[in-house]
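What you see is a predicted model; the values in this text were computed from it and never measured.
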Amino acid sequence: MSNSKVRVRFAPSPTGGLHLGGVRTALFNYLFAKQQGGTFVLRVEDTDQTRFVEGAEQYILDCLAWCGITPDEGPHTGGQYAPYRQSERKAIYREYAEKLVAHGHAYYAFDTPEELDAKRKEVPNFQYGHFHRSELRNSISLTTGQVEHLLDAGVPHVIRLKVPEDESVRFNDMIRGDVVFETNQVDDKVLLKADGMPTYHLAVVVDDYLMKITHAFRGEEWLPSAPVHILLWKYLGWAADMPQWAHLPLILKPDGHGKLSKRDGAKFGFPVYAMDWKDQVTGETTPGFREMGFLPEAFINFLGMLGWNPGTDQEIFSLTELVEKFSIERINKSGAKFDFEKAKWYNAEWIKKLSAESLKLKVKAVLEDKGVAIADDELLLKVIETVKDRCTLLTDFYQQSVYFFETPKEYDLNAVKPKWTDTKTDFFGTLITRYAELPNWEATQLEIDFKYLCEETGFKIGDVMLPFRIMLVGGKFGPHVFDIVALLGKEETIIRIEKALVAFTA
RNA sequence: GGCCCGUUCGUCUAGGGGUUAGGACGUUAGAUUUUCAUUCUAGAAACAGGGGUUCGAUUCCCCUACGGGCUACCA
């Protein structure tokens, strides 16, 4: 492409939830576009009417928005090249398909699916191409009269690309370099289906041309059909405008056997979709990263590092930094196995990195979702600050911080009861008195007083520290005891000690 | 089966004709933290195999093996 502004597109088909790999393709499109000052287009490839799923398009948009990679043009905003849904562009494709027929680069085929099935069974490695064309019912094997008759009679038919014999189709992939295919290995792909809709092959070429796409990123699974597309660009007379191709490495299952699929989520115990996806028909929900407690920053960060690297030791990247540093040259060729442990590590890093303020709304949602009422946002902020280093997922904030808002309902009695003594009861009784008289409620002072009391009463700190923690939070977890006490306040602390004393001595 | 793509620690990867083959996740050990986590230190851990080319290959070439993708009127 010469002298044109960069335009890329993410072209999902609205058939269900948005897969990890899809988000990464969208991300790489976005990064490249933004870096080049270009335009990121969303094009909905809904040419398969049998697989259309209600709500999937909006869901895809929501996922992209959650990730922060909203398209510049698309069905949601419209744009100069609208419509952006292929189903709404149906009429456009027939014109080009007919043009190809007129120029001898495509032909009508009247074979029924049953006939083709039979042929496939009969001929091993059957390929609808120059070798078998003449044995089938199409405008090459039939006379002009026969074809006209069938057409006039409205017999269902498709239009197929007439792939030439003995040619090499060569192109330069931005990631893989030179790739060559022999046309004898390429079959006469259907371009226009019997229902009048184009197949992916025709639609992608026509729309990339019409929408002035300059760089086409897609998964490696498309590599084998690249020669079909290149032939089409040539036959349509647009070769000079063909986008540069970039076939992205696949994201593989953790065991390396095959590309990651929707079903793997349940099998390996991690999400595959960006956000929860509910199947309207079966009512089944496929879990998403967002609901599992991932931050979009972390999700984008680890997806960006899957198949790409900056060439430095930096691991943590914001979207902005990714835009800055991204380069096609540093995209890998080989597929990457998905590592959920590393994904979680990215999330923990981002939780640590982000301020309590920017985490606030999300943490609040996690707590409220569990029925915890948050009345005091200032307190919430302080709580987040003291517990965030020990959270890997956003959902961990529940266990790590409920006790700041609710008195524990249960205690880890096994950890205290066996070693409980009356002198310990006395110790905490005295502690209540001391704390009640304290003028300043502040962590260091609380700790000093506690330790002083230990000395007075002859307790080893360890003997009473753990019980104290359990009184306050219910179990053996949480930040430093006196940070908790400080945040809880005098009244609540005393209530908790009294309440726990009852449970411990019961 | 055919065609295409790929192959550096368990995983993500850096590197690239002469390196102690580097980093990160995970893992192991230790320190700190009188809970847990964080943090810190140290350790184990890789160039698929065979032929070339070369003074010298993990790096370049070929073959093999292995892995993956595609092979629909699905995208």
Side-chain angles (χ1 to χ4, degrees), chain A residues 11-15 45-48 50-51 86 109 111-113 116-117 120 124-128 156-160 173 175-177 179-182 184-187 189-201 203-204 218-227 247 249-250 252-259 302 305-316 330 332-346 348-349 352 387-392 396 399-400 412 415 451 454 460-466 468-470 473 475-481:
Chain A
S13 56
T15 52
E45 310 227 329
D46 55 352
T47 53
D48 186 349
T50 62
R51 294 210 306 162
Q86 291 184 330
D111 319 274
T112 64
L116 291 174
D117 280 348
R120 287 193 183 95
N125 293 330
F126 171 78
Q127 195 170 280
Y128 206 129
H157 62 278
V158 300
I159 291 179
R160 282 180 185 271
D173 186 275
I175 294 169
R176 277 146 227 286
V179 185
V180 190
F181 291 88
E182 299 306 318
N184 291 348
Q185 305 291 341
V186 179
D187 56 356
K189 284 276 182 287
V190 170
L191 264 20
L192 202 71
K193 300 185 261 189
D195 64 3
M197 277 288 191
T199 57
Y200 171 81
H201 306 294
V204 74
R218 63 190 355 178
E220 193 191 345
E221 71 266 33
W222 291 107
L223 204 45
S225 56
H247 289 91
L250 264 14
L252 275 16
K253 299 174 198 287
D255 62 13
H257 294 300
K259 54 176 177 172
F302 81 75
M305 304 305 278
L306 222 46
W308 176 84
N309 75 82
T312 66
D313 284 349
Q314 188 178 349
E315 304 261 351
I316 305 301
R330 299 204 68 90
N332 273 306
K333 293 179 174 70
S334 46
K337 296 180 190 77
F338 177 68
D339 182 357
F340 190 49
E341 289 307 315
K342 189 133 190 187
K344 284 194 292 191
W345 174 77
Y346 275 107
E349 289 299 308
K352 279 184 276 181
V387 306
K388 73 196 189 82
D389 283 5
R390 57 194 71 221
C391 293
T392 297
D396 293 340
Q399 198 225 12
Q400 292 297 339
D412 183 351
K451 288 182 172 171
C454 285
K460 280 190 288 182
I461 296 169
D463 290 338
V464 280
M465 189 69 95
L466 187 66
F468 192 27
R469 167 181 296 284
I470 292 173
V473 313
K476 292 186 281 187
F477 59 88
H480 293 293
V481 168

Could you run down the sub-3.5 Å N/O contacts of the protein with nucleotides 42-47 of chain B?
none

Give each protein N/O atom lying under 3.5 Å from an N/O atom of nucleotides 31-35 of chain B, with the pair distance.
{"from": "U35(B)", "atom 1": "O2'", "to": "Lys476(A)", "atom 2": "O", "distance (Å)": "3.1"}
{"from": "U35(B)", "atom 1": "N1", "to": "Arg469(A)", "atom 2": "NE", "distance (Å)": "3.3"}
{"from": "U35(B)", "atom 1": "O2", "to": "Lys476(A)", "atom 2": "O", "distance (Å)": "3.3"}
{"from": "U35(B)", "atom 1": "O2", "to": "Phe477(A)", "atom 2": "N", "distance (Å)": "3.1"}
{"from": "U35(B)", "atom 1": "N3", "to": "Arg469(A)", "atom 2": "NH1", "distance (Å)": "3.2"}
{"from": "U35(B)", "atom 1": "N3", "to": "Arg469(A)", "atom 2": "NH2", "distance (Å)": "2.9"}
{"from": "U35(B)", "atom 1": "N3", "to": "Gly478(A)", "atom 2": "O", "distance (Å)": "2.5"}
{"from": "U35(B)", "atom 1": "O4", "to": "Arg469(A)", "atom 2": "NH2", "distance (Å)": "2.9"}
{"from": "U35(B)", "atom 1": "O4", "to": "Gly478(A)", "atom 2": "O", "distance (Å)": "2.9"}
{"from": "U35(B)", "atom 1": "O4", "to": "Pro479(A)", "atom 2": "O", "distance (Å)": "3.1"}

Can you tabulate the close N/O pairs, meaning under 3.5 Å, that link protein atoms to atoms of nucleotides 71-75 of chain B?
{"from": "C73(B)", "atom 1": "OP2", "to": "Arg160(A)", "atom 2": "NH2", "distance (Å)": "3.3"}
{"from": "C73(B)", "atom 1": "O2", "to": "Ala194(A)", "atom 2": "N", "distance (Å)": "2.8"}
{"from": "C73(B)", "atom 1": "N4", "to": "Asp111(A)", "atom 2": "O", "distance (Å)": "2.9"}
{"from": "C74(B)", "atom 1": "OP2", "to": "Lys193(A)", "atom 2": "NZ", "distance (Å)": "3.1"}
{"from": "C74(B)", "atom 1": "O2'", "to": "Asp48(A)", "atom 2": "OD2", "distance (Å)": "2.9"}
{"from": "C74(B)", "atom 1": "O2'", "to": "Arg51(A)", "atom 2": "NE", "distance (Å)": "3.3"}
{"from": "C74(B)", "atom 1": "O2'", "to": "Arg51(A)", "atom 2": "NH2", "distance (Å)": "3.3"}
{"from": "A75(B)", "atom 1": "OP1", "to": "Thr47(A)", "atom 2": "OG1", "distance (Å)": "2.9"}
{"from": "A75(B)", "atom 1": "OP1", "to": "Lys193(A)", "atom 2": "NZ", "distance (Å)": "2.7"}
{"from": "A75(B)", "atom 1": "OP2", "to": "Tyr200(A)", "atom 2": "N", "distance (Å)": "3.3"}
{"from": "A75(B)", "atom 1": "O3'", "to": "Glu45(A)", "atom 2": "OE1", "distance (Å)": "3.2"}
{"from": "A75(B)", "atom 1": "O2'", "to": "Ser13(A)", "atom 2": "OG", "distance (Å)": "3.0"}

Mind listing the N/O atom pairs, protein and nucleotides 5-7 of chain B, below 3.5 Å?
{"from": "C5(B)", "atom 1": "O2'", "to": "Arg176(A)", "atom 2": "NH1", "distance (Å)": "2.6"}
{"from": "C5(B)", "atom 1": "O2'", "to": "Glu220(A)", "atom 2": "OE2", "distance (Å)": "3.0"}

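OP1 or OP2 of A14(B) lies within a sub-4.0 Å distance of a side-chain N or O belonging to Asn309(A). Residue Arg218(A) places no side-chain N or O under 4.0 Å from the OP1 or OP2 atom of G69(B).
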Which letter, B, S or -, goes with each nucleotide of nucleotides 19-26 of chain B from 5' to 3', with contact meaning a protein heavy atom under 4.0 Å?
----SBS-
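By the ring-ring contact (aromatic ring centres under 6.0 Å, His included) test, Phe477(A) pairs with Tyr403(A), sequence neighbours left out. Taking Asp173(A) as the reference, His247(A) meet the side-chain hydrogen bond (donor to acceptor under 3.5 Å, both in side chains) condition, with sequence neighbours excluded. With sequence neighbours excluded, the residues forming a ring-ring contact (aromatic ring centres under 6.0 Å, His included) with Phe338(A) are Phe270(A), Phe302(A), listed by chain and number. When the side-chain hydrogen bond (donor to acceptor under 3.5 Å, both in side chains) test is applied to Lys253(A), the partners found at least two apart in sequence or on another chain are Asp264(A). Under the rule for a side-chain hydrogen bond (donor to acceptor under 3.5 Å, both in side chains), the partners of Ser225(A) that lie at least two apart in sequence or sit in another chain are His229(A). Among residues two or more places apart in sequence or in another chain, the side-chain hydrogen bond (donor to acceptor under 3.5 Å, both in side chains) test is passed with Arg330(A) by Asn309(A). The salt bridge (Lys or Arg N to Asp or Glu O under 4.0 Å) test applied to Asp48(A) returns Arg51(A), not counting sequence neighbours.
Nucleotide C3(B) forms a pair with G69(B), judged by Watson-Crick or G-U wobble geometry with both contacts under 3.5 Å.
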